[in-house]
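These notes are about the structure you will find just below.
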Amino acid sequence: MRDDETGEEIIIRDYKGPAGGWGSMKGMARVLPAEHPGPEMLDTLRRQNKPHGFMCVSCAWGKPAKPHAAEFCENGAKATAWEMSSARVTPDFFQRYTVTELEGWQDHDLEQAGRLTHPMRYDRATDKYVAASWDEAFAAIGAKLKSCDPKKVVLYASGRASLETSFMYALFARMWGQQNLPDSSNMCHETTSVGLKNAIGSPVATIQLEDYEKCDAIFCFGQNVGVNSPRMLHTLKDCRDRGVEIVTFNPLRERGWEAFADPQNPLQMAKVQKPTIISTQYHQVKAGGDIAALLGMCKLVLEADERARAEGGERVVDQHFIEQHTVRFEEFAAFCRKAEWDDIVRESGLTRDAIEAAARVYMRAKAVIVVYGMGITQHRYGMDSLYMLVNFLMLRGNIGREGAGPGPVRGHSNVQGQRTVGITEKTELAPVERLKALFQFDPPTEKGWDTVESCRQIIAGTCQGFVQLGGNFLRATPEHAKMQAAWRKLPITVHVATKLNKSHLYPGEESWILPCLGRSERDEQASGPQAVSMEDSFSHIYGSVGKGTPASDVLLSEPAIVAGVAKAVLPPNPNVPWDAWVGDYSLVRKAIEDCYPDKFANFNERLFEPGGFWKGNPASHRKWETESGKAEFNVPRALNAAGFADAEGRFRLITLRSNDQFNTTIYGYDDRFRGIRGTRMVVMMNRADMARLGVAAGDKVALESDAEDGEERVVEGLRVVEYNIPEGCLGGYYPELNYLIPLEHHALDSHVPAGKSVPVRVRA
Ligand SMILES: Nc1nc2c(c(=O)[nH]1)N[C@H]1C(S)=C(S)[C@@H](COP(=O)(O)OP(=O)(O)OC[C@H]3O[C@@H](n4cnc5c(=O)[nH]c(N)nc54)[C@H](O)[C@@H]3O)O[C@H]1N2
Ligand SMILES: Nc1nc2c(c(=O)[nH]1)N[C@H]1C(S)=C(S)[C@@H](COP(=O)(O)OP(=O)(O)OC[C@H]3O[C@@H](n4cnc5c(=O)[nH]c(N)nc54)[C@H](O)[C@@H]3O)O[C@H]1N2
Ligand SMILES: [Mo]
């Protein structure tokens with residue numbers, strides 16, 4: 001059996017190996033040579049995630065002060081190789097193909113073609129991108145953008161660009177009079193940013209990497225560690241070696257949460273020592289079932305507490321914490337008491353026994369960390385799932401002390417940092433007064449567009465221009481068919497990028513590709529070689545120095561490109577020395593420090609502190625910057641996070657990442673841990689559902705969206721894979737299935753597209 005589009009042979013089988021181990025070696029051995037990276041890659045890998053080294057462009061997991069000999073994982077190595085590829089997409093390449101031809105290419109093939117080398121302008125007459133000089137590019141982009149209403153132009157950022165670049169980008173937007181600054185966070189952990197802020201006053205993890213050394217239980221919800229933050233497996237292994245219990249809630253049995261063989265442990269590699277069992281309990285909750293599962297556990301904690309009180313035993317809830325630090329406990333407790341087990345069992349898809357077993361671990365533990373990812377944030381009622389995680393932690397005072405607290409695992413390597421330095425559409429998160437005082441202008445106060453609003457405006461034809469600082473917005477967003485058609489009608493699209501992707505290939509009336517240096521590359525400016533910085537999931541900030549030879553002599557750095565566009569659009573302002581900043585990034589860091597003196601005191605001096613420097617977190621010492629001044633319990637608005645009722649023939653579709661991709665970047669076609677090879681056009685299905693539908697493994701089916709807006713959204717040609725997934729749930733790959741997600745199917749409050757439970761039907 002072969003994939004229709006790629007011609008790859010399709011192989012489906014169970015994967016029995018652990019995460020890490022020889023499988024990860026083989027994974028690297030397959031993908032790395034395919035990128036044809038130069039000899040410098042080894043040096044870069046050696047320096048990866050180490051003090052004074054290069055900070056990985058893959059995930060945002062912490063970089064320990066005392067790194068391992070190899071502080072990179074299979075997927076980090078793939079990301080480095082991808083960036084350091086020796087293949088080039090030159091002006092000649094663009095002469096060979098029309099844009100219409102390139103549109104038909106697979107995501108994988110587009111990026112595999114190599115690094116972009118020259119600024120390119122779309123030429124409608126020939127339907128080709130043609131080379132231009134940087135001067136021409138900035139002049140033309142400046143002229144066009146100046147003719148637009150700034151309030152109708154989007155300045156998107158994918159979470160990779162450095163703190164320096166991001167600060168300049170956000171400043172440019174506000175000086176231009178707008179803050180349409182969505183970033184990938186709007187599709188990702190915005191539920192965390194909004195929800196944690198509301199509940200505990202800090203929008204990010206309250207824990208730091210060291211807290212993992214002090215916890216005695218970890219509860220994990222909807223995150224895929226083996227694929228998306230593999231270095232975390234070392235931390236989890238250390239926890240397991242100490243006897244920490246790990247309880248996982250995930251509809252899929254993700255290999256990383258099951259077993260791990262440490263590639264740096266010769267005994268585990270030689271199979272003398274068994275792989276480490278990561279999860280001590282694994283609960284295959286239904287997609288959207290976490291609210292109910294957490295409710296069940298909270299109910300049990302409260303019941304145990306009542307018994308203890310009646311019998312005069314030790315309290316199970318942390319009474320002191322609840323009284324001193326929280327509001328609305330009584331309301332929440334009453335809600336839990338009233339909850340019926342029938343509802344909890346039905347909505348979670350778990351048995352009462354299973355929930356009791358998990359609750360017992362929670363009640364035994366003195367310090368608990370909750371880890372979570374997209375399985376929580378990307379649901380219609382994702383905010384309520386998040387509130388339930390906080391409620392659950394607060395019952396036993398598991399926030400703001402050692403070894404305890406919420407630990408969202410962030411996506412892009414600097415996505416959290418971009419928000420920290422002003423990439424946000426929300427005025428209340430921007431340092432308006434300081435910007436005014438430092439740079440002598442009036443920042444806008446009107447709320448800007450987030451991702452969903454940007455898509456609405458693009459589809460409505462009211463958006464006048466789209467600039468993307470990295471990323472692949474068109475492919476990453478929902479409602480793909482409409483977005484694709486509307487994207488072409490944009491008056492101008494500008495793409496700052498390292499590699500070619502689909503967003504570049506539906507050119508607006510005017511379209512530019514501006515190629516930039518990658519983080520692994522030497523960045524030489526007027527004052528010498530430069531460092532850039534980023535923030536990880538634990539709010540630690542690191543400098544990163546690229547040493548690789550740039551992919552082309554023509555590339556500019558991201559700060560230089562942002563400055564080039566800003567200067568072409570804005571009237572000169574003597575308080576914002578764009579050229580001096582580009583010549584010496586330490587001046588940008590000084591400006592960041594002036595803007596955010598608390599978080600970035602002595603920024604330049606602390607840039608290379610081993611383990612990064614911590615920007616601090618009020619909730620971690622029980623200072624609650626919420627409306628009430630306390631940490632807040634919240635009663636969930638629904639028990640089913642999916643946000644739609646079950647109906648005959650309606651499924652909850654979970655859109656997933658494979659082990660061979662970074663978001664829309666597809667490294668290859670081997671999702672090793674799930675045993676799916678050679679194709680991404682699949683639908684994972686429970687055996688009972690297959691029988692009910694009368695389909696067999698390998699059959700081709702179509703999925704159609706079952707939203708109640710009456711719109712037709714279909715993806716055809718998906719092969720059925722029999723899979724260990726709860727009945728009523730389906731799995732498939734993002735971004736291929738983004739045609740099926742209605743734009744308005746997003747998380748309430750945070751507006752994160754709800755890609756983890758999309759209502760669909762199967763058409764045989
Ligand atoms: N190699 C690699 N690393 C990456 C990325 C990548 O694409 N490749 N992407 C980066 C980015 S931007 C991000 S945001 C992160 C994403 O990392 P994750 O947060 O791990 O996101 P997903 O891969 O989408 O997987 C989400 C997990 O949630 C589970 N899940 C789905 N629905 C539910 C539910 O209702 N409840 C529960 N409990 N679980 C559910 C799925 O089975 C899956 O295991 O990774 C980052 N790191
Ligand atoms: N259905 C569904 N949709 C989803 C998700 C899901 O789970 N399900 N996940 C969502 C999430 S969590 C996220 S974060 C978004 C991701 O959305 P994006 O961040 O927009 O997408 P990426 O695929 O990470 O972007 C890849 C492109 O970034 C460019 N790039 C890479 N490195 C650099 C660099 O150093 N500088 C510059 N300027 N460009 C660079 C390359 O040209 C590459 O083609 O997708 C979201 N969409
Ligand atoms: Mo993300």
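Only a predicted model underlies this, so the values are computations on that prediction, with no experimental measurement involved. First listed ligand is number 1; within each ligand, the first listed atom is number 1.
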Looking only at the side chains, is there a donor atom on one of [X] and [Y] sitting less than 3.5 Å from an acceptor on the other?
| X | Y | value |
| --- | --- | --- |
| Glu164 | Ser533 | yes |
| Thr192 | Arg410 | no |
| Tyr506 | Thr493 | no |

Test of ring centre spacing under 6.0 Å for [X] and [Y]:
| X | Y | answer |
| --- | --- | --- |
| Trp512 | Phe466 | no |
| Tyr129 | His118 | no |
| Phe249 | Tyr282 | no |

Please state whether [X] comes within less than 4.0 angstrom of ligand 2, counting heavy atoms only.
| X | value |
| --- | --- |
| Ala161 | no |
| Trp82 | yes |
| Lys756 | yes |
| His412 | yes |
| His189 | no |

Nearest protein heavy atom to [atom], by residue and atom, and its distance?
| atom | value |
| --- | --- |
| atom 14 (S) of ligand 2 | Ser184 CB, 3.6 Å |
| atom 32 (N) of ligand 2 | Arg160 NH1, 2.8 Å |
| atom 47 (N) of ligand 2 | Ala476 O, 2.8 Å |
| atom 10 (C) of ligand 2 | Met187 O, 3.5 Å |
| atom 18 (P) of ligand 2 | Tyr156 OH, 3.4 Å |
| atom 21 (O) of ligand 2 | Asn472 N, 3.6 Å |
| atom 3 (N) of ligand 2 | Tyr734 CD1, 3.1 Å |
| atom 40 (C) of ligand 2 | Thr498 OG1, 3.5 Å |

Is ligand 1 under 4.0 Å from a heavy atom in the side chain of [X], in the backbone, in both, or in neither?
| X | answer |
| --- | --- |
| Ile376 | neither |
| His379 | side chain |
| Glu254 | side chain |
| Ile654 | side chain |
| Val285 | side chain |

Please say whether [X] places an N or O atom under 3.5 Å from an N or O atom belonging to ligand 1.
| X | value |
| --- | --- |
| Phe249 | yes |
| Val227 | yes |
| Thr655 | no |

Distance to the ring centre below 6.0 angstrom and angle to the axis at most 45 degrees; does that hold for [X] and [Y]?
| X | Y | result |
| --- | --- | --- |
| Lys63 | Tyr542 | yes |
| Arg231 | Phe72 | no |
| Arg680 | Tyr734 | no |

State the atoms of ligand 2, each with its element, that fall below the 4.0 Å cut-off from a heavy-atom position in [X].
| X | answer |
| --- | --- |
| Glu558 | 34 (C), 36 (N), 37 (C), 38 (N) |
| Gly470 | 37 (C), 38 (N), 39 (N) |
| Gln378 | 5 (C), 6 (C), 7 (O), 9 (N), 10 (C), 12 (S) |
| Glu111 | 43 (C), 44 (O) |
| Val496 | 37 (C), 38 (N), 39 (N) |
| Asn501 | 27 (C), 42 (O), 43 (C), 44 (O) |

Side chain or backbone, does Gly159 bring an N or O within less than 3.5 Å of an N or O on ligand 2?
no
Does Thr477, backbone or side chain, put an N or O under 3.5 Å from an N or O of ligand 2?
no
Between Leu252, Asn250, Asn228, Asn224, which one has a non-hydrogen atom sitting closest to atom 41 (C) of ligand 1?
Asn250
Please compare Asn659, Asn663, Asp290, Asn75 and report which has the shortest non-hydrogen distance to atom 12 (S) of ligand 1.
Asn663
When you check the gap from the basic side-chain N to the acidic O, do Asp107 and Lys502 get nearer than 4.0 Å?
no
Heavy-atom distance under 4.5 Å between the side chains of Val721 and Val683, does that happen here?
no
Does any part of the side chain of Arg713, heavy atoms only, come nearer than 4.5 Å to the side chain of Glu704, both counted from C-beta?
no
Would you say Gly288 contacts ligand 1, with heavy atoms under 4.0 Å as the rule?
yes
